[in-house]
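Just so you know, these numbers come straight off a predicted model, no measurement behind them. All values below were derived from every heavy atom in this structure, side-chain atoms included, with hydrogens, water molecules and symmetry-related copies excluded.
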Amino acid sequence: MSKIKPVSDLRNYGTVLDEVHESEPVYLTKNGRGAYAIHDIKDEEYFQKSEAMIQLFCEINAGIRSGDEKGWYTEEEVRDFLRRNTRRDK
């Protein structure tokens, strides 16, 4: 359940932080309106991974659209391209 508190409760920030748990942020209001959210660091990591996944899906979708519009390369064309443009350091 969401916890909503006035920002003035941060005077006793220890008690506010004790109420923050994974997937249970504390929302702070200022003048009766939402102003801030305090959430567990694990939630931040989840948000970052979610954003990266959304970006990856957008790039994949763009690639699919490009392939549909401009045509697809065969497996052999991709292999040839990679052989020509991949540097092998030994």
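The closest donor-acceptor contact from the side chain of Asn61 to the backbone of Phe57 lies at 3.5 Å or more, if one exists at all. The backbone N or O of Glu45 lies less than 3.5 Å from no partner atom in the side chain of Gln48, so there is not a single donor-acceptor pair. At least one donor-acceptor pair closer than 3.5 Å links the side chain of Thr86 to the backbone N or O of Leu82. One N or O on the side chain of Lys3 and one on the backbone of Glu19 form a donor-acceptor pair closer than 3.5 Å. Thr29 places no side-chain N or O within donor-acceptor distance of the main-chain N or O of Gly32, the cut-off being under 3.5 Å.
Follow the hydrophobic side-chain contacts under 4.5 Å out from Val20 and you reach Tyr36 in the same cluster. Taking hydrophobic clusters as Ile, Leu, Val, Met, Phe, Trp and Tyr residues chained together by side-chain heavy-atom distances below 4.5 Å, Val7 shares a cluster with Tyr13.
By the 4.0 Å N-to-carboxylate-O rule, Glu76 lies close enough to Arg83 to be salt-bridged with it. Using a cutoff of 4.0 Å between basic side-chain nitrogens and carboxylate oxygens, Glu75 and Arg79 are scored as salt-bridged.
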Worksheet item: Does the side chain to side chain contact (heavy atoms under 4.5 Å, CB included) test come out yes or no for Leu10 and Ile38, once each step is laid out?
Response: CA-CA 11 Å; Leu10 283 180; Ile38 303 173; 4.2 Å; yes
Worksheet item: So Ser23 and Asp43, side chain to side chain contact (heavy atoms under 4.5 Å, CB included) or not? Walk me through it.
Response: CA-CA 6 Å; Ser23 300; Asp43 291 336; 3.8 Å; yes
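Of the inter-residue distances, the one linking Leu56 atom CG with Lys49 atom NZ reads 14.5 Å to the nearest 0.5 angstrom. With rounding to the nearest 0.5 angstrom, the CD atom of Glu24 is 9.5 Å from the CD atom of Glu22. With rounding to the nearest 0.5 angstrom, the CG atom of Asp9 is 6.5 Å from the OG1 atom of Thr15.
Looking at every heavy atom in both residues, Trp72 comes nearest to Gly63 through CH2-O, 4.1 Å. Minimum interatomic distance between Phe47 and His39 (heavy atoms only, all atoms of both residues): CE1-CE1, 4.0 Å. When all heavy atoms of Val16 and Lys5 are compared, the pair lying nearest together is CG2-CD, 4.4 Å.
With hydrogens and angles left out, the side-chain atoms of Glu51 and Gln55 include no donor and acceptor closer than 3.5 Å.
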